[in-house]
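Accompanying notes for the structure given below.
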Amino acid sequence: MSSDSEFGHTGQPRWVPTREEYAQLWRESRLSIPPLVRIPAAAFTAFGVGMSLGFAHGSKMEGLRFRAEHAHRLPSTTTGWYLYHKSKNYHLAYGGLKEGVKVGAKLGVLSTAMFCSENLFDVYRGTKDLINTVMASLAIAGGFSLWNRFSAAETARTARKGLVFGLAYGGIQDIISLARGRPVGYVEFIRRHIGKTTQLDDEAV
């Protein structure tokens, strides 16, 4: 009798990939990492980077604010200075943590949206290349600009940053794919086009 783990809720057998299919999934994925692993990893990495940058910026700004607010009433005793620095350190930690979580969450959401969009374009076009990465970056840049109600100039600047990121990151992925022998959409198109041209020239001769 088969165990329940082998069947879904409908009574149909669950699909369990073989070792070869599992290896092929990793081999054919971007950066040799499947989307279900790559997207959460990118989100956590982006959150960690944003957390670090936000904590550093937030604690610095909170320190300047605390110093400005207490500049007119500095302590005059040893105990007073102890309490002053203790309170300052608390405000630095709180301000840094608050800003770190805010920036980290923002970068994490943007990263998740970008990589999910990239994967959707991969599935829709049936190929993995720089074009999908650029389209995903521009789509997220446009959505970010719309959400924040940027002006036309700010929207154009955000789109330009998205384009640069898409070209750079997509180009790196394509180079890695070519180095590992994986097909890249536009490269295969160019090869087929050159092949047809060469064949027509040979037939003409």
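Owing to the predicted nature of the structure, the values given are computational and were not obtained by experimental measurement.
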key: CA sep, side-chain torsions, deciding dist, call: Asn148, Glu154, side-chain contact (heavy atoms from CB on, under 4.5 Å)   = CA-CA 10 Å; Asn148 290 280; Glu154 291 174 323; over 6 Å; no
For [X], does the [atom1] atom have more than 12 heavy-atom neighbours from other residues, nucleotides or ligands under 6.0 Å away?
X: Lys98; atom1: NZ; value: no
X: Arg125; atom1: CZ; value: yes
X: Leu167; atom1: CG; value: yes

note = The remaining residues in the hydrophobic cluster of Leu53, counting side-chain heavy-atom contacts under 4.5 Å among Ile, Leu, Val, Met, Phe, Trp and Tyr, are Val49
key: Residues clustered with Trp81, ILVMFWY side-chain links under 4.5 angstrom   = Phe66, Leu74, Tyr84
Treating Ile, Leu, Val, Met, Phe, Trp and Tyr as nodes and any side-chain heavy-atom pair under 4.5 angstrom as an edge, say whether [X] and [Y] lie in one connected cluster.
X: Val109; Y: Met51; value: no
X: Ile131; Y: Leu178; value: yes
X: Tyr94; Y: Val103; value: no
X: Phe44; Y: Met114; value: no
X: Phe115; Y: Phe144; value: yes

So how far is it from [X] [atom1] to [Y] [atom2], rounded to the nearest 0.5 Å?
X: Tyr82; Y: Ser87; atom1: OH; atom2: OG; result: 11.5 Å
X: Ser111; Y: Lys106; atom1: OG; atom2: NZ; result: 14.5 Å
X: Arg30; Y: Glu118; atom1: CZ; atom2: CD; result: 3.5 Å
X: Phe55; Y: Leu92; atom1: CZ; atom2: CG; result: 8.0 Å
X: Ile140; Y: Phe165; atom1: CD1; atom2: CZ; result: 10.5 Å
X: Leu110; Y: Ser137; atom1: CG; atom2: OG; result: 11.0 Å

Closest approach of [X] and [Y], non-hydrogen atoms and distance?
X: Ala141; Y: Gly162; result: CB-CA, 4.5 Å
X: Pro35; Y: Pro40; result: O-CD, 3.7 Å
X: Ser177; Y: Val184; result: CB-CG2, 3.9 Å

Check against side-chain contact (heavy atoms from CB on, under 4.5 Å), Gln173 and Leu130 = CA-CA 8 Å; Gln173 290 188 96; Leu130 174 148; over 6 Å; no
Should [X] and [Y] count as side-chain neighbours, where that means a heavy-atom distance under 4.5 Å?
X: Ile33; Y: Ser29; answer: no
X: Cys116; Y: Thr112; answer: yes
X: Lys88; Y: His70; answer: no
X: Glu62; Y: Ser59; answer: no

query = Just one of Asp129, Thr127, Asp174 clears the side-chain hydrogen bond (donor to acceptor under 3.5 Å, both in side chains) bar with Tyr186, so which one?
reply = Asp174
request  = May I ask you to check whether Asn132 and Tyr124 show a side-chain donor-acceptor distance below 3.5 Å?
outcome  = no
key: Distance-only side-chain donor-acceptor flag, Ser32 / Arg182, under 3.5 Å   = yes
Which residues share a ring pair (Phe, Tyr, Trp, His ring centres under 6.0 Å) with Phe121, sequence neighbours left out = none
